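As structure tokens, the structure follows; a few thoughts come after it.
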Amino acid sequence: MAVESPTAPATPERQPFRPGLEGVPATQSAICDIDGQQGLLTYRGYSVGDLVAQSSFLETAYLLIWGELPTSTELRAFEHEVQMHRRVSFRIRDMMKSFPSGGHPMDALQASAASLGLFYSRRALDNPEYIVGAVVRLLAKIPTMVAAFQLIRKGQDPIQPRDDLAYAANFLYMLTEREPDPLAARIFDTCLILHAEHSLNASTFSARVTASTLTDPYAVVASAVGTLAGPLHGGANEDVLAMLEEIGSLDQVEPWLEQAMAQKQKIMGFGHREYKVKDPRAVILQKLAEDLFDQFGHDPLYDLARKLEEVAAERLGPKGIYPNVDFYSGLVYRKLGIPEDLFTPIFAIARTAGWLAHWKEQLGANRIYRPSQIYTGAAGRDWMPLQAR
Ligand code: ACO
């Protein structure tokens with residue numbers, strides 16, 4: 001009779017397969033909490049509404065990454081560090097000049113974020129100074145790289161960051177070559193806060209899986225950027241405007257929705273795995289859009305969006321499908337004069353804060369991700385020589 005070794009691992013219990021890992025906890029985290037029934041979102045225990053009203057993006061990034069709100073000295077030092085590292089090497093700018101100008105800015109961002117690892121590749125993950133340096137560099141340089149590609153693809157040279165401008169204002173300046181209106185800069189900063197973190201979404205999961213191999217933080221962010229790019233995730237914000245433009249007029253909203261639903265088409269900017277009510281970020285973004293329209297003029301696409309939300313509430317509301325963060329963000333960015341294919345890179349600028357918070361948390365209690373699978377393929381097949389196939 002075979003005697004089982006006392007050290008032999010017990011046969012793992014077979015877990016039911018949950019497509020998309022729905023409802024499966026894949027980590028423990030103290031960074032962000034979502035109440036999808038009530039429509040509540042908190043970062044480190046602070047409501048996102050309070051942060052939007054009181055904080056700045058960099059202060060929120062500090063909170064997410066280090067776990068506590070900074071003192072005024074800490075915040076000043078952090079802002080100063082980020083400001084000092086905004087420039088990117090001329091070698092990265094030259095590399096970006098060789099990218100095809102028709103390429104998507106998310107692909108350009110993924111490649112340039114990964115290239116930072118060539119310049120700062122030392123993986124001293126147990127050195128706190130290395131961690132701080134990587135956090136600062138990524139927060140500082142990602143916006144510069146997004147703005148640089150925008151100018152490069154228009155055949156222009158990127159412009160240098162301006163030290164007298166705060167984070168959001170400097171990005172808008174590097175993008176448009178104009179100092180932004182203070183209201184526009186403040187609203188943009190608020191958008192960054194709203195997009196900074198959202199628990200274990202696909203790109204953050206991707207970041208944590210990559211982080212768990214103990215690779216460098218630039219690879220972590222680059223893998224997350226690639227994941228965010230898809231239309232079911234961050235890429236939806238650019239599809240929302242295309243959808244509204246396709247609908248075209250108020251009287252077409254209902255027939256368009258009927259047809260889309262008959263064809264089992266997903267309505268972009270609607271639905272969320274976590275929320276069964278309207279995404280609290282969509283509520284705030286809608287208000288920001290209205291503030292912008294009051295100041296800088298109305299956008300008729302907003303009327304279409306509101307009508308679509310109203311009509312969709314009757315059809316999709318009973319299933320818990322309501323506008324998500326992407327539904328109104330595009331209208332805000334459009335009013336700020338930002339090209340549509342930069343909406344997702346802007347999402348990435350903001351979400352870099354969340355990815356870095358998760359990178360740091362993952363390192364604090366790391367175990368490599370290695371889930372199991374349920375094999376559904378063939379078994380016991382006899383080899384067939386090439387000539388016999
Ligand atoms: N329009 C119409 N029906 C929808 C939508 C939608 N936007 N979203 C979900 N549904 C329906 C599905 O058809 C399905 O119906 P069924 O049960 O009758 O077949 C049901 O709701 C569940 O949908 P799933 O796709 O299984 O939901 P899941 O949680 O996997 O997907 C997702 C969530 C990807 C966000 C989905 O709602 C979607 O594709 N939305 C459109 C794209 C989008 O806006 N993405 C941005 C999300 S926010 C972010 O990532 C930043």
Side-chain angles (χ1 to χ4, degrees), residues 17-26 32 34 36-37 39 41 43 48 106 109 191-208 223-244 246-247 253-286 305 307-333 340 342-355 358:
F17 172 48
R18 307 291 298 264
L21 298 184
E22 181 168 7
V24 178
C32 166
I34 299 168
Q37 302 296 333
L41 171 62
Y43 297 167
V48 80
M106 277 301 267
L109 178 60
C191 291
L192 295 181
I193 296 176
L194 288 172
H195 287 84
E197 162 59 10
H198 210 233
S199 82
L200 211 57
N201 54 83
S203 58
T204 302
F205 186 41
S206 186
R208 283 193 88 123
S223 74
V225 169
T227 310
L228 184 70
L232 294 187
H233 193 9
N237 57 11
E238 104 180 48
D239 293 341
V240 169
L241 285 192
M243 175 183 76
L244 294 173
E246 185 193 318
I247 294 172
V253 172
E254 258 181 285
W256 183 91
L257 183 66
E258 284 302 321
Q259 195 188 16
M261 291 195 60
Q263 293 171 345
K264 301 221 168 300
Q265 204 179 310
K266 288 272 179 74
I267 315 304
M268 287 294 128
F270 277 80
H272 200 282
R273 180 71 63 78
E274 295 284 320
Y275 293 114
K276 300 304 159 212
V277 294
K278 185 169 174 179
D279 186 327
R281 300 167 298 173
V283 176
I284 299 173
L285 281 160
Q286 183 173 4
K307 174 86 177 164
L308 181 60
E309 179 180 351
E310 185 192 310
V311 177
E314 291 160 24
R315 303 293 311 268
L316 295 169
K319 281 174 145 185
I321 298 164
Y322 289 96
N324 61 45
V325 67
D326 288 330
F327 193 58
Y328 288 109
S329 62
L331 288 165
V332 171
Y333 297 146
E340 288 176 25
L342 289 190
F343 295 175
T344 320
I346 286 168
F347 194 153
I349 292 173
R351 189 54 61 83
T352 296
W355 295 330
H358 282 269

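As the structure lists them, so they are numbered: ligands from 1, and atoms in each ligand from 1. Being a predicted model, the structure only gives us computed values, none of them experimental. Values below: all heavy atoms of this structure, side chains included; hydrogens, waters and symmetry mates excluded.
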So what's ligand 1 close to, N/O to N/O, under 3.5 Å?
unit_1	atom_1	unit_2	atom_2	d
ligand 1	1 (N)	I267	N	2.8
ligand 1	7 (N)	I267	N	3.3
ligand 1	7 (N)	I267	O	2.7
ligand 1	7 (N)	F270	O	2.8
ligand 1	15 (O)	K319	NZ	3.1
ligand 1	18 (O)	K319	NZ	2.8
ligand 1	25 (O)	K266	NZ	2.8
ligand 1	29 (O)	R273	NE	2.6
ligand 1	30 (O)	R273	NH2	3.0
ligand 1	39 (O)	K266	NZ	3.3
ligand 1	40 (N)	F270	O	2.9
ligand 1	44 (O)	G269	N	2.9
ligand 1	44 (O)	N324	ND2	2.9
ligand 1	45 (N)	L232	O	3.1
ligand 1	50 (O)	H233	ND1	2.8

Distance-minimising heavy-atom pair for [X] and [Y]:
X	Y	result
L331	A305	CD1-CB, 3.9 Å
W355	A348	CZ3-O, 3.9 Å
E246	W256	OE2-NE1, 3.0 Å

Taking the side chain as everything from C-beta on, heavy atoms only, tell me whether [X] gets closer than 4.5 Å to [Y].
X	Y	answer
I247	K307	no
N237	I346	no
R351	H198	yes

